[in-house]
Amino acid sequence: MNFQEWFRLFQEQILHTSIIEWLAVGFGVSEVLLAKKNNIWLYPTGIVSILLSMYLLLNVKLYAEMLLSIYYLVMSVYGWIIWKKRKQDGENQVAWSTKNEIGIAILISVLGFGILYFALRNHTDSDVPLLDAFVSSTAWAGMWLLAKRKIENWIFLNISNIVAIPLLFHKKLPLMGCLTIFLFVVAIFGFMDWKKIIGKKTLKTV
């Protein structure tokens, strides 16, 4: 398929995009921009986006990403509670992960991948079990780190995003694919912004 054929297919998919997908993308954009700004309102907007995305993912048989959305929902509520408790000192909570926290994040990714791949391959009709499991397991780790305000969350989330982008286009969810490209770019800037916050905190303590 050449670029013109791909672009024509993309336009056709956009024209047939449901209002639910438009809303899911809109709230998803708001969520990531608020996360970049280290703003607690990322969680309520994210919860709306998650609920809408769950409906879409179930319809296209991306079961692991559906489970990921449930995990996102739980971690969003958890993160909202944690961030609210630390609201007054929120910026100072941003930090690099410890070796132990990185180890836990890697463990979440590896174990999550193994469990999801086995379940998808043997107990569902998924046609992309490998990619679906990888996207979800690495994002699980990223969301756990985000709730703890650890800068490496952006790295894990972007490892997930880079695989999710072609997967979503393959599943004919063009707007969600474009959203994921946007999330990938914003995550890069989010990492840099959080790095500056950590730098400022370090200078204050010197």
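Sequence positions, counted from 1, serve as the residue numbers for this chain.
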Using the rule that Ile, Leu, Val, Met, Phe, Trp and Tyr join whenever any side-chain heavy atoms are under 4.5 Å apart, tell me whether W22 and F27 fall into a single cluster.
yes

Decide yes or no for W96 and K195: does some side-chain heavy atom of the first lie under 4.5 Å from some side-chain heavy atom of the second?
yes

Between E21 (side chain) and S18 (backbone), is there a donor-acceptor pair under 3.5 Å?
no

Does the side chain of I162 reach to within under 4.5 Å of the side chain of N158, using non-hydrogen atoms?
no

Check whether any side-chain heavy atom of H123 lies under 4.5 Å from a side-chain heavy atom of F118, and answer yes or no.
yes

Are side-chain heavy atoms of S69 and L58 found at a separation under 4.5 Å?
no

Side chains of I159 and F134: closer than 4.5 Å at any heavy-atom pair?
yes

Do E31 and S49 get their side chains close enough for a donor-acceptor pair, meaning under 3.5 Å?
no

Heavy-atom donor-acceptor pair, S109 side chain to A105 backbone, under 3.5 Å
yes

Can you tell me if F113 has over 12 outside heavy atoms packed within less than 6.0 Å of its CZ?
yes

Might you work through the side-chain contact (heavy atoms from CB on, under 4.5 Å) test for I104 and S97, ending with a clear yes or no?
CA-CA 10 Å; I104 292 172; S97 299; over 6 Å; no

Are Y43 and L146 close enough that some pair of their side-chain heavy atoms sits under 4.5 Å apart?
yes

Closest non-hydrogen atom pair between S76 and I50, with its separation:
OG-CD1, 3.5 Å

Can you find a pair of side-chain heavy atoms, one from L116 and one from W140, that are under 4.5 Å apart?
yes

Whether T45 side chain and L42 backbone form a donor-acceptor pair below 3.5 Å
yes

Donor-acceptor pairs are to be reported for all side-chain atoms of residues 174-194 against protein atoms at under 3.5 Å, with residues two or more places apart or in another chain.
unit_1: T180; atom_1: OG1; unit_2: M176; atom_2: O; d: 2.8
unit_1: D193; atom_1: OD2; unit_2: K36; atom_2: NZ; d: 2.7
unit_1: W194; atom_1: NE1; unit_2: A35; atom_2: O; d: 3.4

Is any side-chain heavy atom of H170 less than 4.5 Å from a side-chain heavy atom of D127?
yes

